[in-house]
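Reading through the structure tokens given below for one structure.
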Amino acid sequence: MPELPEVETVRAGLESLITGRTVLACSVLHPRPVRRHERGVDDFQATLVGRTFATPRRRGKFMWLPFVDGDALMAHLGMSGQFRVDSPAAPLLSNTRVLVDLDDGQQLRFVDQRMFGGVWVSPGGADLPEEVRHIALDPFDPHFDAVKVAHRIALKHSGIKRVLLDQTVVSGIGNIYADETLWRERLHYDTPAASLGIRKLAATLRTARSVMAEALTQGGTSFDALYVNVNGESGYFDRTLHAYGQEGRPCDRCGAPIRRDHFMNRSSFFCPRCQPRPRRQG
DNA sequence: CTGTGGTCCTGTATGC
DNA sequence: TGCATACAGGACCACA
């Protein structure tokens, strides 16, 4: 369940379940999700043992589980990653990739169908892992400044959706929340970002924040069993979506059928009447 | 710098 | 029924 609200739902779930827990054992069932651990699978399994988790952190879609010794277990959910906390006796879900036994008798499990995600250890990464330094602040960060980011976006020669999805400009927004934000702001995905002006850009960033905050209260967006929280529960924000996945359904504002375009090698959902393509550049 | 297209994977839905 | 194709909440890289 991998945009900011889904990752934050998982992070918060892990916070209550693993903070203060010590690792007793680790078992990697598939090497691929550990590919970013530079010292290899065996080292990954061995190096976790005896470590104690501090409070899980997040920036954008990256999450890390700091250890009290200053290193961190990095995690990215990719398209289909999940963390589950279960009894070791509970049957394994298919696509379970990594098992971590904890000192309270529970087991932390990383499950990932497509394996675009992964887990690895970041030496010294407890505060701000090196792997996350190129990722911009997300709209939930206390230091996030919408006006400042708007000024940066205003210099870009690029379409607004492309910019919203650029994790080095603002992080945490993915395809669902980009489309929902643009629908609320009545913006076509290919509107030149620089043409919008600082006020509109800042408003768009604040809208992105509120859409994701709303989704967070619903536990995120789950379309299927691939996206669930650490207890296996689904989120319910899919009931609130106005654009994403709504192709052919009437726009909740004007009734025109929602359209789907291919854009950036994925889909863009939008209302052709509320969000018309701008007639000219600039 | 901007944009495109491919790559990494598994699984489901749809169409012929 | 089988088989092929399209598509999926992401990140990264090579290349024009």
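In the text below, chain A, chain B and the rest are named by the order of the sequence lines, each starting its count at 1. Owing to the predicted nature of the structure, the values given are computational and were not obtained by experimental measurement.
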In whole Å, I'd like the distance from the CZ atom of Phe263(A) to the C1' atom of dG5(B). 14 Å
Does His262(A) place a side-chain N or O at less than 4.0 Å from the phosphate oxygens OP1/OP2 of dC7(C)? yes
To the nearest angstrom, the CG-P distance between Leu93(A) and dT10(B) comes to 17 Å
For atom P, what is the distance between dG6(B) and dT5(C), given to the nearest Å? 16 Å
Against the side chain of Arg32(A), the closest entry in dC12(C), dC8(B), dT10(B) is dC8(B)
Do the non-hydrogen side-chain atoms of Phe263(A) and Arg162(A) ever get within less than 4.5 Å of each other? yes
Whole-Å distance separating the CZ atom of Phe269(A) from the P atom of dA8(C): 6 Å
Please determine, for the side chain of Tyr244(A), which listed nucleotide (dG10(C), dC12(C), dA8(C)) has the closest atom? dA8(C)
Using whole Å, what does the distance between atom C1' of nucleotide dG10(C) and atom CG of Leu165(A) come to? 10 Å
Is it the case that atom CZ in Arg35(A) sees more than 12 heavy atoms from other parts of the structure closer than 6.0 Å? yes
Is it the case that the base of dA8(C) and the side chain of Arg266(A) share a donor-acceptor contact (distance under 3.5 Å, atom types as modelled)? no
Nearest-neighbour nucleotide for the Glu3(A) side chain, dC12(C), dG10(C), dC9(B) considered: dG10(C)
What does Asp224(A) touch in the nucleic acid at a heavy-atom separation under 4.0 angstrom: a base, only the sugar-phosphate, or nothing? base
Separation of the P atoms in dA11(C) and dG11(B), to the nearest angstrom: 22 Å
Remember a base hit wins even if backbone is also touched, and classify His30(A) as base, sugar-phosphate or nothing at under 4.0 Å, heavy atoms. nothing
When you get a sec, tell me which of dC7(C), dG11(B), dA11(C) is the closest nucleotide to the side chain of Gln167(A)? dA11(C)
dG3(B) OP1/OP2 closer than 4.0 Å to side-chain N/O of Ser158(A): yes
How many whole angstroms separate atom NZ of Lys161(A) from atom P of dT4(B)? 13 Å
If you draw a 6.0 Å radius around CG in Asp127(A), do more than 12 non-hydrogen atoms from other residues or ligands fall strictly inside? no
Most 5' of Gln113(A) and His134(A) on DNA chain C, judged by nearest nucleotide: Gln113(A)
Report yes if the distance between the aromatic ring centroids of Phe223(A) and Tyr244(A) is under 6.0 Å, otherwise no. yes
Rounded to whole Å, the CG-C1' distance (Leu226(A) to dT10(B)) equals 9 Å
Test your reading of the model: is there a side-chain donor-acceptor pair from Gln45(A) to the backbone of Val28(A), 3.5 Å cut-off? yes
Apart from Leu128(A) itself, its cluster of hydrophobic side chains linked below 4.5 Å comprises Phe62(A), Trp64(A), Met74(A), Trp120(A), Val132(A), Ile135(A)
Of the listed nucleotides dG10(C), dG5(B), dG11(B), the one nearest the side chain of Asn265(A): dG5(B)
Is it the case that Thr221(A) and Asp238(A) place a side-chain donor and acceptor less than 3.5 Å from each other? no
Sorted by position of nearest nucleotide on DNA chain B, 5' first, the leading residue of Arg97(A) and Arg162(A) is Arg162(A)
When the distance from CE of Met264(A) to C1' of dC13(C) is rounded to whole Å, what number comes out? 14 Å
Taking the minimum atom-to-atom distance to the side chain of Arg36(A), which one of dT2(B), dC9(B), dC12(C) wins? dC12(C)
OP1 or OP2 of dA8(C) sitting under 4.0 Å from any side-chain N/O of Arg260(A)? yes
Spacing of the P atoms in dG5(B) and dA6(C) (rounded, Å): 15 Å
For the base of dA11(C) and the side-chain ring of Phe116(A), does the geometry meet a stacking cutoff of under 5.5 Å between centres and under 30° between planes? no
Which nucleotide, dG10(C), dC7(C), dT10(B), lies nearest any side-chain atom of His76(A)? dG10(C)
Do Val163(A) and Leu4(A) land in one hydrophobic cluster if side-chain heavy atoms of ILVMFWY residues count as linked below 4.5 Å? yes
Measure CG/Asp166(A) against P/dG3(B) and give the value in whole Å, please. 10 Å
Starting at the 5' end of DNA chain B, what dot-bracket string do you get if Watson-Crick and G-U pairs under 3.5 Å are bracketed, crossing pairs use [ ], other-strand pairs use | and unpaired bases use dots? .|||||||.|||||||
Return no unless some side-chain N or O of Ser267(A) is found under 4.0 Å from OP1 or OP2 of dA8(C). yes
Note, Ser267(A) side chain near Arg260(A) side chain (heavy atom, < 4.5 Å): yes
Among the nucleotides dC7(C), dC9(B), dA11(C), which one has an atom lying closest to any side-chain atom of Lys61(A)? dA11(C)
